[in-house]
**Q** 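What follows is a single structure, and I will ask about it in a moment.
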Protein chains: 2
Amino acid sequence: MQSYEEVLVAIRQIIRGIDLHSRRLNKSTGLTGPQLVILQELEKGGEHFTIRELSQMVNLSQATVTTILDRLEVKDLVVRQRSTIDKRKVHVLLTDNGKELLSDSPKALQEEFIAKFQSLDNWEQNLLLSSVQRIAQMMNAEKLDAAPYLEVSSFTPEKK
Amino acid sequence: MQSYEEVLVAIRQIIRGIDLHSRRLNKSTGLTGPQLVILQELEKGGEHFTIRELSQMVNLSQATVTTILDRLEVKDLVVRQRSTIDKRKVHVLLTDNGKELLSDSPKALQEEFIAKFQSLDNWEQNLLLSSVQRIAQMMNAEKLDAAPYLEVSSFTPEKK
DNA sequence: GTCTATTTTTTTGAGTGCGAAAGATATATT
DNA sequence: AATATATCTTTCGCACTCAAAAAAATAGAC
């Protein structure tokens, strides 16, 4: 097996690992990864996000965010509020339910991964980081500028 | 930004890069990544795969492969053939159409990436490989044993 | 031989994801 | 004012992914 093949296999494994994690999360909390990420983004950033802003922060298309919000709204974790100033815009707010649920949810999406990663020596963390960034670059992904969606709010409850 | 966050961002970028690649591929060939992978797997491995075998080779669930085959069958690139010996089994064969299409298609899914990767020094390739494998492991993905297929979701609507 | 367990594929249901087009509203131009 | 253009969200269409349930067939136990 060529070594590039092995790289692709490993990437594929990572993708599936994330997917499986999201499914497990859904089993235990009723939320999937992207849903949780959106809730967390709402939590950490005040109240008045529009959907577009939200989608940019989370680095998903607006269409995708809309459908995820639909589900969150059905679960009563979130409400939409049409802006009165500019009626094209829609703001999204956490409900009390949503806030409560967040307080019980894992702070991080890839908790296990993060724990393992942080237990590494610094030099090793840096090595892994630069490797994966290198690969991202080679995939022509550098222009994408993805937000840290797979994971989590940093522990600092800092708003933007 | 914590360094684990940056790692997750990079992974996210990779995933999107792959996704975009698949969309471009679909535009140019009418096939998505997973579809192409399955065709290639059929091509390289003789004729008498069952669907289960195929799903294992490509490391997708059987359910997923079934739906992809549905689409390939509609496009007349592939045929299903119920086994006469064991009627539970279904073999999948390339049609002439499928073979022809394959001969025009890119041999590899991430051609650009592969080219770039292979232009690196050996030691660097190894470094990247072991890094990404390390991460896969930390994601608990090691048990998954993914095949080198690699394309996330993808799709590009045909014009109408 | 018949009944049950197992295997194999398909179906169902739920979720992610995107682009394009449609709907509404707002701003700029004429 | 009337028209055009820009912006924002939703809807539509479709692909991918999986687990679980259903369907079909075989294998094994009795």
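Throughout, protein chains are lettered first and strands after them, A, B, ... in sequence-line order, and every chain is numbered starting at 1.
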**Q** In whole angstrom, give the distance that lies between atom CG of A/Asp19 and atom P of C/dA14.
**A** 17 Å
**Q** To the nearest Å, how far apart are A/Leu25 CG and D/dC18 P?
**A** 18 Å
**Q** Answer yes or no: does a side-chain N or O of A/Thr66 lie under 4.0 Å from OP1 or OP2 of D/dT9?
**A** no
**Q** From NZ of B/Lys89 over to P of C/dT10, roughly how many Å is that when rounded to an integer?
**A** 14 Å
**Q** Test of understanding: with side-chain contact (heavy atoms from CB on, under 4.5 Å), list the residues that count as partners of A/Arg80, not counting sequence neighbours.
**A** A/Ile51, A/Thr66, A/Leu69, A/Asp70, A/Glu73, A/Val90
**Q** Residues two or more places apart in sequence or in another chain: which of them pass side-chain hydrogen bond (donor to acceptor under 3.5 Å, both in side chains) with A/Ser83?
**A** none
**Q** Judged by atom type as modelled, is there a donor-acceptor pair below 3.5 Å linking the side chain of B/Lys75 to the main-chain atoms of B/Gly30?
**A** yes
**Q** Got a sec, which hydrophobics cluster with B/Trp123, joining ILVMFWY side chains under 4.5 Å apart, including via others?
**A** A/Trp123, A/Leu127, B/Leu127
**Q** Using the test side-chain hydrogen bond (donor to acceptor under 3.5 Å, both in side chains), find all partners of A/Lys87 that sit at least two apart in sequence or belong to another chain.
**A** none
**Q** Taking any heavy-atom pair under 4.0 Å as a contact, classify A/Ser22: base, sugar-phosphate, or nothing.
**A** nothing
**Q** Which residues satisfy the side-chain hydrogen bond (donor to acceptor under 3.5 Å, both in side chains) test with B/Ser131, sequence neighbours excluded?
**A** A/Ser131
**Q** How close or far is atom C1' of D/dA15 from atom CG of B/Asn26, stated in whole angstroms?
**A** 9 Å
**Q** Here's a test of your reading of the structure: between A/Lys75 and A/Thr84, which maps to the more 5' nucleotide of DNA chain C?
**A** A/Lys75
**Q** Between A/Ile51 (CD1) and D/dT7 (P), how many Å, whole number?
**A** 18 Å
**Q** Starting at the 5' end of DNA chain D and moving along, which residue's nearest nucleotide shows up first, B/Arg71 or A/Asp86?
**A** A/Asp86
**Q** Whole angstroms only, please: what is the CD-C1' distance between B/Glu53 and C/dT8?
**A** 11 Å
**Q** Measure all distances between protein nitrogen or oxygen atoms and nitrogen or oxygen atoms of nucleotides 19-24 of chain D, and list the pairs falling under 3.5 Å.
**A**
| unit_1 | atom_1 | unit_2 | atom_2 | d |
| --- | --- | --- | --- | --- |
| D/dA20 | OP1 | A/Lys27 | NZ | 3.4 |

**Q** Base, sugar-phosphate or nothing for A/Thr50? Non-hydrogen atoms, less than 4.0 Å.
**A** sugar-phosphate
**Q** Does B/Glu112 pair with B/Arg24 as a salt bridge, N-O distance under 4.0 Å?
**A** yes
**Q** Would you mind reading off the distance between B/Ile18 atom CD1 and D/dT17 atom P, rounded to a whole angstrom?
**A** 12 Å
**Q** Can you find a side chain N or O atom of A/Arg80 that sits less than 4.0 Å from OP1 or OP2 on D/dT10?
**A** yes
**Q** In whole angstrom, what separates B/Arg52's CZ from C/dT10's P?
**A** 12 Å
**Q** With a cut-off of less than 4.0 Å, is there a side-chain N or O of A/Thr32 near OP1 or OP2 of C/dA14?
**A** no
**Q** Taking only side-chain N and O atoms of A/Gln62, does any of them lie within less than 4.0 angstrom of OP1 or OP2 on C/dG19?
**A** no
